[in-house]
Amino acid sequence: MNEIAAKLLAWWDADHADLPWRRTRDPYAIWVAEVMLQQTQISTVIPYFERWMARFPTVEALAGASLSEVLKMWEGLGYYSRARHLHAAAQQVVAERNGRLPTTVSELMQLKGIGRYTAGAIASIAFDQPAPVLDGNVIRVLTRLYDIDADITRSAIRRQLWQLAESLVPAHRPGAYNQALMELGQVLCQPARPLCALCPLAELCQARQAGTQLERPVRPPRRRTPHYDVVAGIIWQNGRPAADAPFLITQRPLDALLGGLWEFPGGKQEPGENLPDALKREIQEELGITIKIGRFLTSIKHAYTHFRITLHAFHATHIAGQPQHIGVADHAWVTLNDLHQYPFAITDRKIIAALNQELT
DNA sequence: AAGGCGGGGGG
DNA sequence: CCCCCAGCCTT
């Protein structure tokens, strides 16, 4: 075994975090955890993982659930295509493979939502295969260990990093090794505060020798994100806001941002347009109905990865027309008490909170 | 090869 | 305010 792997495994064996998905060898549980962990921090994932495994303890249970139930369990975790893909892949595994996950990287990658990272993680952790993983943590550790000064967003560099990762995976205990490598990146080889004094690989680390730890990995500079004003309506069927009165919610198209989630209908304000006019226009365009704008409820600021929004919510009254599914996947007339069964994005959950406060 | 896709945590 | 994160899919 190479020196890096040996030192990492010794470090891992001395102590490592006790996480829910490390207490099992169930491939399904490891699959769920790895998908949740895509672009998402461990502390965020833990409560979602616990709730998910209680509600969908087996791949059959997941396959048998509705998409709405699945999205509801994912509500607030972000990147909702992960939930849609996991659901579809579970149905495929049950229908075509008798509920058993494939064990090789190439077969795992055939499933929706499983790319090279997740396939490597499942294959090594659940099935003891010597497959590499390369995530943000591993990239940081490797670029520091070898003091790599090339732009890690370039595909040629990515290929080299995968090759490097592959060359280091030991045949014995590859799953423990991969988890150790990622945990080292998380707890010691941190982006802005590497704890080299505690690192078992410090003597082997070329960046540490050169003093370039904080300059690794190298990425291109980011661009500023645009800001949009967005408007949403609580459209009351009878015009009278009340805790037991019906209002309209709509479901976003499955292929859109926040696909499949429910929301208060509305949309982006156009240049030169005031907020009430923007709301009337969006509702007419998406649903084919006419509304009258009522009083302002609340404004919510939210930052997505590539843009920021301020969401302005208004009360409104349904005037004419039956909702048509032009720019929406579905619609429903509901009361406040019905909302718990529908998955909403974080911004609309804040509108719901304001609504609850105002009406109850 | 590039862009889209959430949300939370930390400095 | 900024940055970062256990990536994947589509085009």
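Just so we're clear, the structure is a prediction, and the values are computed from it rather than from any experiment. First the proteins, then the strands, lettered A, B, ... as listed; each starts at 1. In what follows, every heavy atom counts, from backbone to side chain, and hydrogens, waters and symmetry copies are set aside.
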Checking all strands, does A:Arg116 fall into the base, sugar-phosphate, or nothing category for heavy-atom contacts under 4.0 angstrom?
sugar-phosphate

Side-chain contact check for A:Leu19: nearest option of B:dG6, C:dA6, B:dG9 is C:dA6

Ranking A:Arg154 and A:Thr44 by the position along DNA chain B of their nearest nucleotide, the one closer to 5' is A:Arg154

Whether the A:Arg22 and A:Gln179 side chains hold a donor-acceptor pair (N or O, under 3.5 Å, no angle test) is what I'd like checked. yes

What residues 145-153 of chain A contributes to the DNA chain C interface at heavy-atom separation below 4.0 Å is none

With a 3.5 Å cut-off and heavy atoms only, can you find an N or O donor on one side and an acceptor on the other between the side chain of A:Thr40 and the base of B:dG6?
yes

In this structure, CG of A:Leu184 is separated from CZ of A:Arg140 (nearest 0.5 Å) by 9.5 Å

Checklist entry - Any side-chain N or O of A:Gln39 under 4.0 Å from OP1/OP2 of C:dG7? => result yes

- Item | Donor + acceptor pair across side chains of A:Ser299, A:His312 (<3.5 Å) | yes

### Message
If hydrophobic clusters are built by linking Ile, Leu, Val, Met, Phe, Trp and Tyr wherever their side-chain heavy atoms come under 4.5 Å apart, do A:Ile346 and A:Leu339 end up in the same one?
### Response
no

Quick note, A:Arg219 side chain, CB onward, closest among B:dG9, B:dG6, C:dC4 is C:dC4

For A:Trp236 and A:Phe247, I'd like to know if the aromatic rings sit close, meaning centre-to-centre distance below 6.0 Å. yes

Q. Does any donor-acceptor pair link the side chain of A:Tyr79 with the base of B:dG6 at a separation under 3.5 Å?
A. yes

Next on the checklist: Classify A:Arg22 by what it touches in the nucleic acid, base, sugar-phosphate, or nothing, heavy-atom distance under 4.0 Å.
Outcome noted: base

Reckon A:Ser81 touches a base, only the sugar-phosphate, or nothing at all at heavy-atom distances under 4.0 Å?
nothing

As its Watson-Crick or G-U partner within any shown strand, both distances under 3.5 Å, B:dG8 has C:dC4

Quick note, A:Gln41 side chain, CB onward, closest among C:dG7, B:dG9, C:dC9 is B:dG9

Quick note, A:Gln38 side chain, CB onward, closest among C:dA6, C:dG7, B:dG9 is C:dG7

**Aromatic plane relationship, A:Phe344 with A:Tyr342 - under 30° parallel, 30 to 60° tilted, over 60° perpendicular** = perpendicular

### Message
Any side-chain N or O of A:Arg140 below 4.0 angstrom from OP1/OP2 of C:dC5?
### Response
yes

When rounded to whole Å, the CD to P distance for the pair A:Gln190 and B:dG9 reads 16 Å

Practice task
Under 4.0 Å between any heavy atoms, over every strand shown, what does A:Tyr304 touch: base, sugar-phosphate, or nothing? Just pick one.
Solution key: sugar-phosphate

Per atom distances to the A:Thr118 side chain, the nearest of B:dG7, C:dC8, B:dG4 is C:dC8

